[in-house]
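The next block holds one structure in the form of structure tokens; read it before the comments.
As a basis for the values below, the full set of heavy atoms in this structure was taken, side chains included, without hydrogen atoms, waters or symmetry mates. Letters A, B, ... are given to chains in the order of the sequence lines, protein chains preceding strands, and every chain is numbered from 1.
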2 protein chains.
Amino acid sequence: MADREDTPVKATATSARVIEALLELESATITELDDHLPHSKSTIHSHLETLEQLGFVVRDNWAYQVSLRFLEIGSVARNRYPLYQPGVSEVRQLATASGLVASLVVIERQRGICLYTAMGKKSDRSFGDPGEILPLHCTAPGKALLAVMAPENVDSIIDDHGLREYTENTLTSRAALDEELQDIQSRGIAFNREEWREDVRGIAAAVEGKTGSPAGAISVRSPTDTMSGKRFQQDIPGLVISSANRLRKALRSER
Amino acid sequence: MADREDTPVKATATSARVIEALLELESATITELDDHLPHSKSTIHSHLETLEQLGFVVRDNWAYQVSLRFLEIGSVARNRYPLYQPGVSEVRQLATASGLVASLVVIERQRGICLYTAMGKKSDRSFGDPGEILPLHCTAPGKALLAVMAPENVDSIIDDHGLREYTENTLTSRAALDEELQDIQSRGIAFNREEWREDVRGIAAAVEGKTGSPAGAISVRSPTDTMSGKRFQQDIPGLVISSANRLRKALRSER
DNA sequence: AAGAAGTATTCCCTCATTCCGAAAAACCCA
DNA sequence: TGGGTTTTTCGGAATGAGGGAATACTTCTT
């Protein structure tokens, strides 16, 4: 976003900029896009027509929008993850057992990305849509993933993204984070105490891939009142850990 | 696929071709892509580098793949549909009540596209991933959608896509399809009797949008042995119809 | 340890193409 | 029907996309 891209193929970058603008505006006409983009109307028109022919954009009269083709391709990208198939049933089971919202999170392009979310009985409406991006330093699955990564990779992620403060509980110093990661590493489980959003706590455990880099993390999350005391310290962590163990086993047997 | 596109912006079309090749190959190196595409290695290299910088492609050493960014964008595209949020809870409920696989399907770019799928107790492993494309003329949700569309739109869809024969039960004549659509229209429910896949039956009902064009369809699907007799004729259709009714009501109240 | 084989990346040159501005066409509202 | 708004088309000029060959890099082999 901040970086001025220097891509070899400029026209593709322009098309991408158009798509990005469509995402921000949800739905837009050419003139609206003209205000948000450093290009002439005729240029925008060309790119929109191209993207429409290619199936990435749909138009309803004069309202252009991104198409569900992204969902289709995204689905393929998701199915590539060996963790996905076994992870889904595990997450579902975890959601049922805990009654909370359970998610499967992986790391890609230095970001935590939610692959799947299941909701238990008492979970409120959804957060954590597939594809949603989670910060790594202040969420349970994010920290769980960082804890099993090679230190130099953690370094470059923190260097690139910093430690943005979302709430007063967010760990914003590298030292504090490192200490916490140590703790997570030795205990095999990560906690989030309203470090990202007020009144949301989370618990997560990472599952290692074969390469040494993490394959993903399994997590639950809920408002603070349902996540405190023994439940937060022992019961739910127990469920998460055994889920992660089953997932590890499933991954091993599969390959 | 069949039509040779003549897009105003050629470079974007080239990038799209690269992405499509990556989808087919799951994961590919530049040389592999070179075999599948009518471009030089240096061109492919440029496009991959561009797409990587833009976040649409990730590379692991020399293996390039499409990224989860598509999932992220697809999620936005999906949330745009007013049907989606209320549809999800309805589909879930339907899956639980019927014990079968239930889906929410919309029409976009003349295609049926699955927005969401929930599985009941006795449903086998998944089909109907979000983003998956369904043929319109030989699936329950597809026919339900066609039945509530303006006839001229049905015409152009059939003209463009034909009536491909998937099984011996597929309706391949326009007359037979029209008759069936009439029936669906009057009964408010659509059936699929192994017209797409062997041993898969489906039942669906469409939900109208405000514009006269359909908003989407809600459907269940299962192997033939669990979908026959009174269950297929009455019980399940009843569940589907009342689900659709609740969904209509939810849509109206929302807007 | 060094060469061989395969791969990615860079370089340069040329022609096609992107992009803009302006003009034309389509559309919407009275 | 006509003015204001928006989209679409058009032509020309600068640029950048694309191919081919040379180079750098990895990995495998011997």
When rounded to whole Å, the CG to P distance for the pair A:L33 and D:dT8 reads 12 Å
Rounded to whole Å, CD1 of B:I44 lies from P of D:dG19 at a distance of 8 Å
Picking from C:dC11, C:dC20, D:dT7, the nucleotide nearest the side-chain atoms of A:T43 would be C:dC20
Q) Think B:H47 has a side-chain N or O under 4.0 angstrom from the OP1 or OP2 of D:dA17? A) no
Picking from D:dT7, D:dA17, D:dT26, the nucleotide nearest the side-chain atoms of A:I30 would be D:dT7
Taken to the nearest whole Å, CG/B:D60 to P/C:dA8 is 13 Å
- Message: If the cut-off is 4.0 Å, is A:R59 near the phosphate of D:dT8, judged by side-chain N/O to OP1 or OP2?
- Response: yes
When A:S40 and A:N61 are each assigned the nearest nucleotide of DNA chain C, the 5'-most assignment goes to A:S40
ask   = Within the side chain of A:S15, is there an N or O that forms a donor-acceptor pair under 3.5 Å with the backbone of B:T12?
value = no
For D:dT7, does OP1 or OP2 lie under 4.0 Å from any side-chain N or O of A:T29?
-> yes
Requested in this report: Respond yes when some side-chain nitrogen or oxygen of A:T14 is under 4.0 Å from OP1 or OP2 of C:dT18, and no when none is.
Outcome: no
- Does a side-chain N or O from A:H45 land closer than 4.0 Å to OP1 or OP2 of D:dT7, or not? no
A:L48 CG to C:dC19 C1', in whole Å, measures 15 Å
Separation of C:dA8 atom P from B:D35 atom CG, nearest Å, is 11 Å
I'd like to know if A:D159 pairs up with A:R174 as an ion pair, taking the criterion as any Lys NZ or Arg NE/NH1/NH2 lying under 4.0 Å from an Asp or Glu carboxylate oxygen. no
Inset, instruction - Would you state whether a donor and an acceptor, one from the side chain of B:S42 and one from the base of D:dG20, lie under 3.5 Å apart? - result: yes
Should the ring pair A:F70 and B:F70 be called parallel, tilted or perpendicular, given that the plane angle runs from 0 to 90° and is split at 30 and 60?
parallel
Of the candidates D:dT27, D:dG16, D:dT6, the side chain of B:W62 sits closest to D:dT27
Separation of D:dT15 atom C1' from A:K10 atom NZ, nearest Å, is 9 Å
Result for 5'-nearest mapping on DNA chain D, choosing between A:S46 and A:V9, is A:S46
- Query: Any side-chain N or O of B:H39 less than 4.0 Å from the OP1 or OP2 oxygen of D:dG19?
  - Reply: yes
* Asked: Hey, are B:E208 and B:R248 close enough for a salt bridge, meaning a charged N less than 4.0 Å from a carboxylate O?
  -> yes
To the nearest angstrom, the CG-P distance between B:D6 and C:dT18 comes to 10 Å
Distance col, row B:L181:CG vs B:H137:NE2, nearest 0.5 angstrom, shows 11.5 Å
* Is a donor on one side and an acceptor on the other found under 3.5 Å between the side chain of A:R17 and the backbone of A:P38? -> no
With the side chain defined as heavy atoms from C-beta on, B:E49 is closest, among C:dT7, C:dT10, D:dA17, to C:dT10
Taken to the nearest whole Å, NZ/B:K41 to P/D:dA21 is 12 Å
